[in-house]
Amino acid sequence: MRPIIVFSGPSGSGKNTIISELLRQRDDVAYSVSVTSRKPRPGEKNGQNYIFVTPKEFEQKINENEFLEWAKYLDNYYGTSRKEIEKIQRQNKFPLLDLDTQGALNLKRRGENVFTIFIKPPSLKILEQRLRKRGTDSEQEIQKRLKNASKEMAFADKYDFVVVNDSLDKTVQTIDDLLNQLASSDSRRNAENR
Ligand code: 5GP
């Protein structure tokens, strides 16, 4: 079975753009839409960026064991739906996940079939510039995200692969090559087990 590909990196690292590019370029990947209790940002669509629910609804889903993993990040809940991952893997595709460091390392620790990738911005200064340019977060939110970014970066060396995103094209190419390698070792394993 294709491993789950987990991406982490501070918001503004370019993680979302990289995932979008991979989805555009490859037909053997699918994005696993997470569930969150965060309010939608302008332009975000329910079912596309996230499945938006109330905190109470999220807690109910926790109790019903709907999540492969979940975490609280800056006071909001975020979780990966078990069903969504199973659906993607049944299609023999790589599920692509965007998780915070707790979620990513939690899956790894539990021995799930995951490959973890950390996307680093070239510097914190550039990260700050990108967050401001994006214009979707308030000043207070930007400060919170910057503070969190330094904390998250400290976990980078626990990931299977770390890439500094200084050129989008180069980063996407690197990850594309990596997925090709993972796909061929998966086919080899399947052939051996046949
Ligand atoms: P944002 O609010 O910027 O969309 O996401 C905040 C953080 O939550 C990001 O670091 C993102 O990777 C993480 N995140 C999104 N979905 C999930 C999820 O399903 N589980 C976990 N653990 N983190 C998530």
Side-chain angles (χ1 to χ4, degrees), residues 4-20 22-23 30-55 57-62 64-89 94-110 112 114-121 124 127-128 130-156 158-159 161-163 165 175:
I4 298 171
I5 310 296
V6 176
F7 291 88
S8 298
S11 35
S13 61
K15 191 177 47 175
N16 293 344
T17 318
I18 294 164
I19 294 175
S20 305
L22 292 168
L23 289 167
Y31 186 63
S32 162
V33 179
S34 290
V35 181
T36 186
S37 65
R38 161 166 84 59
K39 296 262 184 301
R41 294 198 188 107
E44 282 186 330
K45 290 201 182 78
N46 191 23
Q48 190 175 322
N49 303 89
Y50 283 107
I51 295 161
F52 295 100
V53 299
T54 63
E57 284 166 337
F58 196 101
E59 283 159 8
Q60 199 172 337
K61 287 178 186 293
I62 298 175
E64 287 164 1
N65 199 23
E66 280 194 29
F67 297 120
L68 181 63
E69 65 75 41
W70 64 271
K72 218 167 187 186
Y73 182 94
L74 301 182
D75 298 332
N76 295 306
Y77 287 121
Y78 295 85
T80 306
S81 149
R82 260 179 220 287
K83 279 209 187 109
E84 179 95 357
I85 298 291
E86 287 164 5
K87 190 177 86 192
I88 298 170
Q89 285 182 324
F94 287 109
L96 304 187
L97 270 68
D98 169 357
L99 301 187
D100 76 328
T101 48
Q102 306 167 68
L105 300 174
N106 185 0
L107 285 183
K108 190 91 211 162
R109 214 174 302 122
R110 276 177 16 208
E112 297 283 345
V114 295
F115 189 89
T116 52
I117 302 176
F118 194 92
I119 311 288
K120 266 188 171 175
L124 282 174
L127 186 73
E128 184 170 354
R130 286 184 187 165
L131 283 178
R132 289 193 194 288
K133 216 167 115 197
R134 188 162 86 175
T136 51
D137 299 295
S138 65
E139 181 57 33
Q140 196 190 6
E141 189 70 16
I142 289 174
Q143 291 308 329
K144 262 207 286 191
R145 280 173 192 270
L146 283 174
K147 216 166 120 196
N148 222 53
S150 324
K151 272 199 235 157
E152 286 172 306
M153 305 261 267
F155 290 99
K158 299 211 178 335
Y159 281 67
F161 194 78
V162 181
V163 55
N165 184 26
I175 297 174

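Counting convention: from 1, in listed order, for ligands and their atoms alike. These numbers were taken from a predicted model, which means no experiment stands behind them. Because only heavy atoms are used, hydrogens play no part in the values below, and waters and symmetry mates are left out as well, while side chains stay in.
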task = For Tyr77, check ring pair (Phe, Tyr, Trp, His ring centres under 6.0 Å) against everything at least two apart and list the hits.
result = Phe58, Trp70
message = I want to know if ligand 1 touches Glu69 in the polar sense, i.e. an N/O pair below 3.5 angstrom.
response = yes
inquiry  = Is the contact between Lys72 and ligand 1 made by the side chain, the backbone, both, or neither, using heavy atoms and a 4.0 Å cut-off?
reply    = neither
task = Report the part of Tyr78 in contact with ligand 1, treating N, CA, C, O as backbone and CB onward as side chain, heavy atoms under 4.0 Å; options are side chain, backbone, both, neither.
result = both
query = Heavy-atom contact under 4.0 Å between Arg38 and ligand 1?
reply = yes
query = What protein heavy atom sits nearest atom 11 (C) of ligand 1, and how far away is it?
reply = Asp98 OD1, 3.3 Å
query = Any salt bridge between Arg41 and Glu141, counting N to O under 4.0 Å?
reply = no
query = For ligand 1, is there an atom lying under 4.0 Å from some heavy atom of Tyr50?
reply = yes
ask   = For atom 23 (N) of ligand 1, what's the nearest protein heavy atom and its distance?
value = Asp100 N, 3.1 Å
key: Within 6.0 angstrom of Glu139 CD, more than 12 heavy atoms from elsewhere   = yes
inquiry  = Check whether Ser13 reaches the backbone of Lys120 with its side chain - one donor and one acceptor, N or O, closer than 3.5 Å.
reply    = no
request  = Using a cut-off of 6.0 Å, state whether more than 12 heavy atoms not belonging to Tyr73 lie near its atom OH.
outcome  = yes
key: Short N or O distance, Trp70 and ligand 1, threshold 3.5 Å exclusive   = no
ask   = Does anything in residues 64-80 pair up under salt bridge (charged side-chain N to carboxylate O under 4.0 Å, His left out), and if so which pairs, sequence neighbours excluded?
value = Lys61-Glu66
query = Is any N or O atom of Glu44, backbone or side chain, closer than 3.5 Å to an N or O atom of ligand 1?
reply = no
ask   = Which residue holds the protein heavy atom closest to atom 9 (C) of ligand 1, what is that atom called, and what is the gap in Å?
value = Lys15 NZ, 3.9 Å
inquiry  = I'd like to know whether ligand 1 has Gly79 as a neighbour, heavy-atom separation below 4.0 Å.
reply    = yes
note = Distance col, row Arg82:CZ vs Ser32:OG, nearest 0.5 angstrom, shows 12.5 Å
